[in-house]
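Worksheet for the structure shown next.
Just so it is clear, the structure is predicted and the values come from calculations on it, not from any experiment. Heavy atoms only: backbone and side chains are in, while hydrogens, waters and symmetry mates are out.
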Amino acid sequence: MEHHYLHTFRLTVEGLPEPVEFGMLHELSDVTEVTDGFAKYVARQEDDFLPLGTNAAVRASKVIHVLHVKAEKTV
């Protein structure tokens, strides 16, 4: 699978004062399909953590809102 797009999502996390951003590489540019797939990915993580770059992570079960912000072509 080749990842041609970097999708950025803004996550609202219970207990944090501000939303945080999460980047995900994907082969598709279709925002609807990628957002659906990402939301399902977050739901499957349950009590695992989602990395936010190299210096932070949030518990997936605390994510209460997912918003697609942008998609950028990587190749």
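- M24 and V69 fall into different hydrophobic clusters, where Ile, Leu, Val, Met, Phe, Trp and Tyr residues are linked whenever their side-chain heavy atoms come under 4.5 Å apart, directly or through other members.
- E46 and R44 are not joined by a salt bridge, as no carboxylate oxygen comes within less than 4.0 angstrom of a charged side-chain nitrogen.
- No path of Ile, Leu, Val, Met, Phe, Trp and Tyr side chains, each step under 4.5 Å between heavy atoms, connects L67 with V20, placing them in separate hydrophobic clusters.
- For the atom pair NZ (K73) and CG (L6), the distance works out to 12.5 Å, reported to the nearest 0.5 Å.
- Checked options Y5, F9, F22, F38; the residue passing with H68 is F9 (criterion: ring-ring contact (aromatic ring centres under 6.0 Å, His included)).
- Separating the CG atom in D47 from the CZ atom in R59 is a distance of 5.0 Å, to the nearest 0.5 Å.
- Atom CG of L11 sits about 7.0 Å away from atom CG of L52, to the nearest 0.5 Å.
- No more than 12 heavy-atom neighbours from other residues, nucleotides or ligands sit within 6.0 angstrom of NZ on K40.
- R10 places no side-chain N or O within 3.5 Å of a backbone atom of E21 that could act as its donor or acceptor partner.
- The closest side-chain heavy-atom distance from V63 to T12 is not below 4.5 Å.
- Judged purely by atom type and a 3.5 angstrom limit, H7 uses its side chain to pair as donor or acceptor with the backbone of L28.
- Neither V42 nor L25 shares a network with the other; the hydrophobic side chains, linked directly or stepwise wherever heavy atoms of I, L, V, M, F, W or Y lie under 4.5 Å apart, form separate groups for each.
- Here the side chain of T74 pairs a donor or acceptor atom with the backbone of H4 at under 3.5 angstrom.
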